[in-house]
Each structure stands twice: as structure tokens, then as C-alpha cells.
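The structure under discussion appears below in the form of C-alpha cells.
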Amino acid sequence: MTAATHSSLFPRVPESADAVLDGLDPEQREVALALHGPVCVLAGAGTGKTRAITHRIAYGVRAGILQPASVLAVTFTNRAAGEMRGRLRELGAGGVQARTFHSAALRQLQYFWPKVVGGELPRLLERKIQLVAEAAARCRVRLDRNELRDVTSEIEWAKVTQTVPADYPAAVAKSVRDAPRDPAEIGQIYAMYEQLKRDRSVIDFEDVLLLAVGILQDRHDIADQIRGQYQHFVVDEYQDVSPLQQRLLDLWLGDRDSLCVVGDASQTIYSFTGATPDHLLNFRTRHPNATVVKLVRDYRSTPQVVHLANGLLSQARGRAAEHRLELVSQRDPGPDPAYTEYADEPAEAEGTARRIRDLIASGVPAGEIAVLYRVNAQSEVYEQALADAGVPYQLRGAERFFERQEVREAGVALRGAARAGGNDSLLDDAEDLPAQVRAVLSTKGWTTEPPAGSGAVRDRWESLAALVRLAEDFARAKPGATLSDLVAELDERAAAQHAPTVQGVTLASLHAAKGLEWDAVFLVGLTEGMMPITYAKTDEQVEEERRLLYVGVTRARFHLSLSWALSRSPGGRASRRPTRFLKGLRPGSGSLGAAGAGGGGSVERGGGRRKRRGPVLCRVCGSTLTEAGEMKLMRCEDCPSDMDEALYERLREWRSEQARELGQPAYCVFTDKTLMAIAECVPSSDGELAGISGVGARKLDRFGADVLAICAGEEPGGADETP
């Protein structure tokens, strides 16, 4: 058993304290035995930090050094706290409190409030956004739904950084933070929000921490009672502590030093929420006698992946970079990271989908594959490419593109403009289809220049900008297309993605991927302007973008692919450049070369659609086809169809049955367009069936005999059901 694995899903409780130490590597064992004084564990990605600290607590409890009720372990998510409690129970250390900061503070508030203030604790406001909306209205400030989310996030940031409303504008200027609206205006809304809470006797989640801090500061008797209860503290993910959380931790501790913190400054990627690695980096200054243990044995990733991760950090600058950890892989060698340059974004998405399909065919489960990108608006092209390739997928941390509120609203607006036609004055000055779309979407928040900063407003703009780009691509592929044609195209794309969520390839932003891992990871869209993102202006912001890419790299266990596209759309100017973070790491990009920190490999030129296809001609009129749906049908949409309707229905029924047996959505067998093409061509041989777009070698192998039998009017003989 390695230091990072369990022998079974239900491991036996160790028979003794010493048995708790079995299976730990030397550094993890050192952590487990460091039970006195301040302890700082610097733990790199994949090094088994949770294992180390839970075994530390369990060893202390089983050895009689720590009383279970005297230990408080705090982390940042309910999932992480639950995992910690589960591991402690498995190790025979039940009774230890493992909670989030908010949960621990709320529990203390509920207990002491009647004694300090009297009566019950004020009602906890589950969602503050409605009260923020009312505060804005009272300040005569009109906010749309996305601005409301951003202002709410600003109020949360102000509170966790202990910034009062009057000081908010100055704090924003000092932090070089891009506020979503005028800081003075946000300060007024913030002040009104606080007043409304007082008037209605409600508190929010940040108040839970603030009130706990206030009680512990003002009531020394209560502070002493809590310190008598909890005598040993463990803090996980310490690099993400906010100033307010650190203040609460200091009050819990008092003048004692029985504290163990665990973190990695190189994984600080949430500074926009108030998280700061300063407390981790200053720990040894505050506690000169601290025991410091570094965990650098990486049990997650292959040497090739770890080599690239180390190379990324070797070029980092700033204070966090000075404390970077050089990881050492404990796994057998694997394939080199793959670097692929594509001509355009659709080609990158299609190439990624093909590689994923090949991985699945080679035995890698779809659920062990992830596609990670910088912003959620990038998901749409990958959703489409995976659907076209028949690969099931699931979105994490975001709605499906066509289910996003702003995309639905844009669709309604475009549909209304299409119906109005020339009677819509909004379109009077629009000369072509893209101009019409830009005019309509400008009423929904789209502008020629992106908004400053990040957050909901930026996400909304990115979604609308994706629709504008889609309109430009559509007009280029179908000269003379109307707004009604585009609406029909959007409807078809949306319908193709309305399958239920299935166990499939994960699509996620890099932020949403923190704390997760997969056998195969595809990092896509790695161009300047996206990585680092355009609004990362300061050195600190750029370095956080580098750390974000590092987090993405270290999610991969075995297969790692990094890609970028030279232009946005087919035929566009190849003006993009791969991210600066890969300079000297990817082969041929600098002095480190192929044998340098990048871990070997070579840069491929992804040919995408143009290399694979060449001209596709309509089989009815002979015109060149450029739109994906037409190429599947091998005819223009407007050309007459000779589809056998009865055959098409039989194929649909057969497809539904196959999808049920495989436990996958129907489009993973064949898309509607592919079935239409089969029903029009009525192939009679493997060669004719293979010539239809959407029928690759794998699907021909699996479903070919059935499809040909149905086309011949016979009963299908059963397809290979091996997933």
C-alpha cells in the first residue's frame, strides 16, 4: 500500500496507536509525531496532506496525548470537513470536531448568545442577494441580476477583510481591485444593506464570524471557556485563510501555541474572495520555534506531469514563489505531456474530442477524464464537439451553455427580432447578420469591449460574446443567412445538449477543479489573453494566473494534454500566441527545450477539420458545404431530401434501445443528423456506411451490422455492448 491509498473502501480500525503510523512515509510520520507546539506543514499537490493530519490527530488521541473533545480541526468546505471526520472515525478517533470556520463559529454563537445578549440568535440569512437588491433600490441604484451578484460578492469581500462601508472605496483602491461599479456607490449600498439587517434582526454568514470575534474580544470569561474546551487546533488549506478567519483563530488560541497549519502557497487561487497566503508565509515569523515539515512526495501524478508542474513554478516570481515546493513523483513513468497547436478554436475542440474518444476506446473511463478551461464561456464549443463525437460529458461548477440565464434571454431577444424582421428599428443600421446580432445583444449587456474585472458581469459578457462569435462564424459559412436561420441553428444546438446528466467527461473551469483529480486532463485555450486572463494587470495578478495553471497541471494523474489555437475561427488571422507560462517548458519555445522542465514530448500541429476533411460537396447540387450540420447530411439544408421516413423512425427506435442498454444519452450512439444522413443514403455495405459523417471506425465496429440490417429491412442482430 502506498502512502496515499486505502487498502479497501472499509479499512479496519488500527489496533493500536503505533498501528496508526503504519503506511506513512517518513515526512508524513514526522507530521503525525509532531504533537506539541506550533507545527507548519507545507504540503504540495498530491502529497497526502489530509492523510498526514488525520493520522496526526488519530495518533495523538490513540496514544492518550490528545483528548478527542479538546481538538478542533477546521477547513473551508463541508465536503472537506466531512471527509476529515470520516477518516478520523476509520482511525478510531471519533469525537474529534472537524468543521468549517463558519460551522464552528455558528455553533459557539448559538450556545453563548442567550448568555451574552439574551434571547435566541438572530435568524441567519441564507441568501443575502435579495436584501442587497433592496438596499440598492433604496439607494436609487438600479442593478441587473449579474451586477447584483457582483455587488454582493464585493460586500462579502469587504466583510472578510474587515472593511467597514465607509472605508470600502479606499480599501478597493489600495488592493488594486476592479470594482464592478463605482466604489462610492457600492459603499452606500453596503451601508444600507447593514442597516436593513439591523432593522430586521437578521445576520449573514460573514456576521457569524464577526459576531464570534466580537464576543471573544469583549467577554474574556467566554473566551476562557472556549479555550478550556479546545486546546489543540488544526487548520487545513491555510493558504486560503481570510483576515477575519485568522482573527477568529487567534482568539480561539489566546496565548497558546498548540496549532498545526497545513497549506501550499503555490495553490493560492482565490485572492478575489479575500483569501491570502500571507498567514502561511508569515507563520515561522510569528512562531520562531515552529516545527516545519515539507511534504513533497507526490503520489498522484507521474514523473512527467510533476516535471512540468515544477517547471511552471520554477519561473514564478513573488513571495509565494520563494516558498515553492519541488515535488518528487512516487509513481511509475507515464507518457510525456502532449502539446498541440491548432489553427482555430473549433479545430482545437474537435481535436480534443477525438483524443478523448481514443482514450475511452483504450480503456480510460469517461469519468476519469476532464477538460479544464479558464472561463465558463469556453465550455460551449467543447460541449458541441464532445456531443458530435458521441462522448458523454457533465459540467461542473457551471450551467450548460444554453441553459445559462443570459443565453436564454439572448435567445428570446433574437427570436423576437427575427419575427419582427424589418419592422424592428433596432436593426435599421445593421448591414449584415453579425451586425444584427450585435445590435440585439447590446440591449442585453454585450459591448465591443469586455467589462473590467472578473465576476458575474464578466461571465455574462463572455456568454454573449460567444453568441456574437457564433453569428460571425455562421454568416461566414452561410453567406446570405438571416436572423431566422441563426435562431434555428441555435435551437438545434440547444436541442442536441438537452440530454440528462450522465457519468461522462468532466467539463470545468480551473477554479472549479481545485481539490479534484483525474487520470487524464486536457488543459485547453492556453493563449495569451486567456491564460493569463486579460484583466490580470499587476504582477501579483499574473502570478496568481500562473498558480491557476499549476493547479490545472497537478489535477492529472497520468495523461496530460495542453493545447491552444492560433485564431478564433476557421480562416481567421493566426495572431494568437501560446501562454507565456509555457515558454521554455514546451519543446521549441526557449532555452529549456524538450529536455527541460517541460518533461519532454513535442508540439503537434492539430490539423482539425480542414486537415481531416478537405472540401465536402453537396450530393444534390454539388455546392461546397461549410456548415457542420450540412456536412453530416452531405447536402445543403435547402436541397430536397429523399429521406426514407419509415427507415428514419426505425433507426430512432433502435438508437433509443441502444442508449438504454449502454446507459448513455441517445446522441452518444448517433446524432439526429447522422441518422438522417443514413436514412437518405440507405447504405448497403460497410464502405458506404463509413462514408457518412458521424460514423467513425469505432461506431462502425460497434453498430455497423445493426444499422445495415435495418437499412436492408431486416431485424438487427445485436450490437457489441461493450462501453
Side-chain angles (χ1 to χ4, degrees), residues 38 69-76 97 99-125 128 155-168 170-171 174-175 187 190-191 193-238 240-261 273-276 278-280 282-283 285-287 290:
S70 72
V71 180
L72 178 59
V74 288
T75 186
F76 287 84
Q97 291 291 318
R99 297 180 174 273
T100 65
F101 272 100
H102 285 87
S103 172
L106 180 61
R107 192 163 181 260
Q108 293 169 14
L109 272 183
Q110 290 169 332
Y111 183 81
F112 289 109
W113 189 266
K115 179 179 179 180
V116 176
V117 180
E120 292 186 358
L121 181 70
R123 180 174 61 87
L124 184 63
L125 197 63
K128 60 173 67 72
I155 291 174
E156 291 172 350
W157 172 83
K159 297 184 77 167
V160 300
T161 56
Q162 304 176 84
T163 302
V164 298
D167 294 340
Y168 171 77
K174 184 178 180 181
S175 68
Y190 178 16
Y193 166 76
E194 293 296 314
Q195 182 62 51
L196 288 174
K197 285 200 290 97
R198 287 191 293 271
D199 293 345
R200 295 172 190 183
S201 297
V202 296
I203 59 175
D204 60 27
F205 278 100
E206 290 71 41
D207 290 331
V208 169
L209 301 184
L210 287 164
L211 289 170
V213 165
I215 287 176
L216 292 175
Q217 286 181 158
D218 296 341
R219 293 290 299 266
H220 298 293
D221 57 329
I222 291 176
D224 289 341
Q225 189 172 341
I226 290 177
R227 291 166 191 160
Q229 168 72 48
Y230 295 117
Q231 299 170 19
H232 305 277
F233 295 85
V234 177
V235 184
D236 194 14
E237 301 286 3
Y238 194 54
D240 289 333
V241 165
S242 71
L244 179 56
Q245 289 165 330
Q246 180 63 47
R247 181 67 186 131
L248 178 60
L249 179 61
D250 289 341
L251 288 166
W252 281 340
L253 274 166
D255 58 1
R256 299 167 299 169
D257 62 1
S258 184
L259 170 66
C260 174
V261 300
T273 67
T276 170
D278 289 346
H279 306 297
L280 176 65
N282 293 335
F283 191 84
T285 301
R286 295 184 64 188
H287 304 279

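Taking CD of Glu206 as the start and OG1 of Thr161 as the end, the distance is 10.5 Å to the nearest 0.5 Å. We find the CG-CD distance between Leu121 and Gln108 to be 12.5 Å, quoted to the nearest 0.5 Å. A distance of 9.5 Å separates CG in Leu106 from CG in Leu209, rounded to the nearest 0.5 Å. Cys260 SG to His232 NE2: the interatomic distance, rounded to the nearest 0.5 Å, is 12.0 Å. One distance of note links CD of Gln225 with NE2 of His220; it measures 15.0 Å at 0.5 Å rounding. Remark: Leu211 CG to Phe112 CZ distance equals 14.5 Å, nearest 0.5 Å.
Residues forming a side-chain hydrogen bond (donor to acceptor under 3.5 Å, both in side chains) with Tyr190 (at least two apart in sequence, or on another chain): none. The side-chain hydrogen bond (donor to acceptor under 3.5 Å, both in side chains) test applied to Arg219 returns Asp221, not counting sequence neighbours. For Thr100, there are no side-chain hydrogen bond (donor to acceptor under 3.5 Å, both in side chains) partners two or more places apart in sequence or in a different chain.
Salt bridge annotation for Glu194-Lys197: present, with a cationic side-chain nitrogen under 4.0 angstrom from a carboxylate oxygen. Here Lys128 does not pair with Asp207 in a salt bridge; the nearest charged N to carboxylate O distance is not below 4.0 Å.
Contact between Phe101 and Leu249 at its shortest, heavy atoms only, is CE2-CB, 4.4 Å. The nearest pair of heavy atoms linking Lys159 to Leu210 is CE-CD1, 3.8 Å. Nearest approach of Gly274 to Val160, heavy atoms of both residues: CA-CG2, 4.1 Å.
Between Asp204 and Ile155, the closest side-chain pair of non-hydrogen atoms is not below 4.5 Å. Taking 4.5 Å as the limit, some side-chain heavy atom of Leu216 sits within range of a side-chain heavy atom of Leu248. Residues Trp113 and Pro122 have side chains in contact (heavy-atom distance under 4.5 Å, counting atoms from C-beta outward). Using a 4.5 Å heavy-atom threshold, the side chains of Trp157 and Ser175 count as touching. Considering only heavy atoms from C-beta on, Gln217 comes within 4.5 Å of Arg247 through its side chain.
The closest donor-acceptor contact from the side chain of Arg107 to the backbone of Ala104 lies at 3.5 Å or more, if one exists at all. Checked by atom type and distance alone, the side chain of Gln231 pairs as donor or acceptor with a backbone atom of Gly228 at under 3.5 Å. A donor-acceptor pair is defined here as one N or O able to donate and one able to accept, closer than 3.5 Å; no such pair exists between the side chain of Asp167 and the backbone of Thr163.
Taking the six-membered ring where the residue is Trp, Phe205 and His102 present perpendicular rings, their angle passing 60° and hence far from 30°.
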Worksheet item: Stepwise, does the side chain to side chain contact (heavy atoms under 4.5 Å, CB included) test hold for Ile203 with Leu124?
Response: CA-CA 5 Å; Ile203 59 175; Leu124 184 63; 4.0 Å; yes
Discussion item. Side chain to side chain contact (heavy atoms under 4.5 Å, CB included), that's the test. Do Phe233 and Trp252 meet it? Break it down for me.
Written reply: CA-CA 9 Å; Phe233 295 85; Trp252 281 340; 3.6 Å; yes
Discussion item. Using side chain to side chain contact (heavy atoms under 4.5 Å, CB included), reason through Gln97 and Val74 one step at a time and then give a plain yes or no.
Written reply: CA-CA 8 Å; Gln97 291 291 318; Val74 288; over 6 Å; no
Discussion item. As a quick check of understanding, evaluate side chain to side chain contact (heavy atoms under 4.5 Å, CB included) for Leu259 and Phe283, giving each step before the final call.
Written reply: CA-CA 11 Å; Leu259 170 66; Phe283 191 84; 3.7 Å; yes
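Defined by atom type and a distance below 3.5 Å, a donor-acceptor pair is missing between the side-chain atoms of Gln245 and Tyr238.
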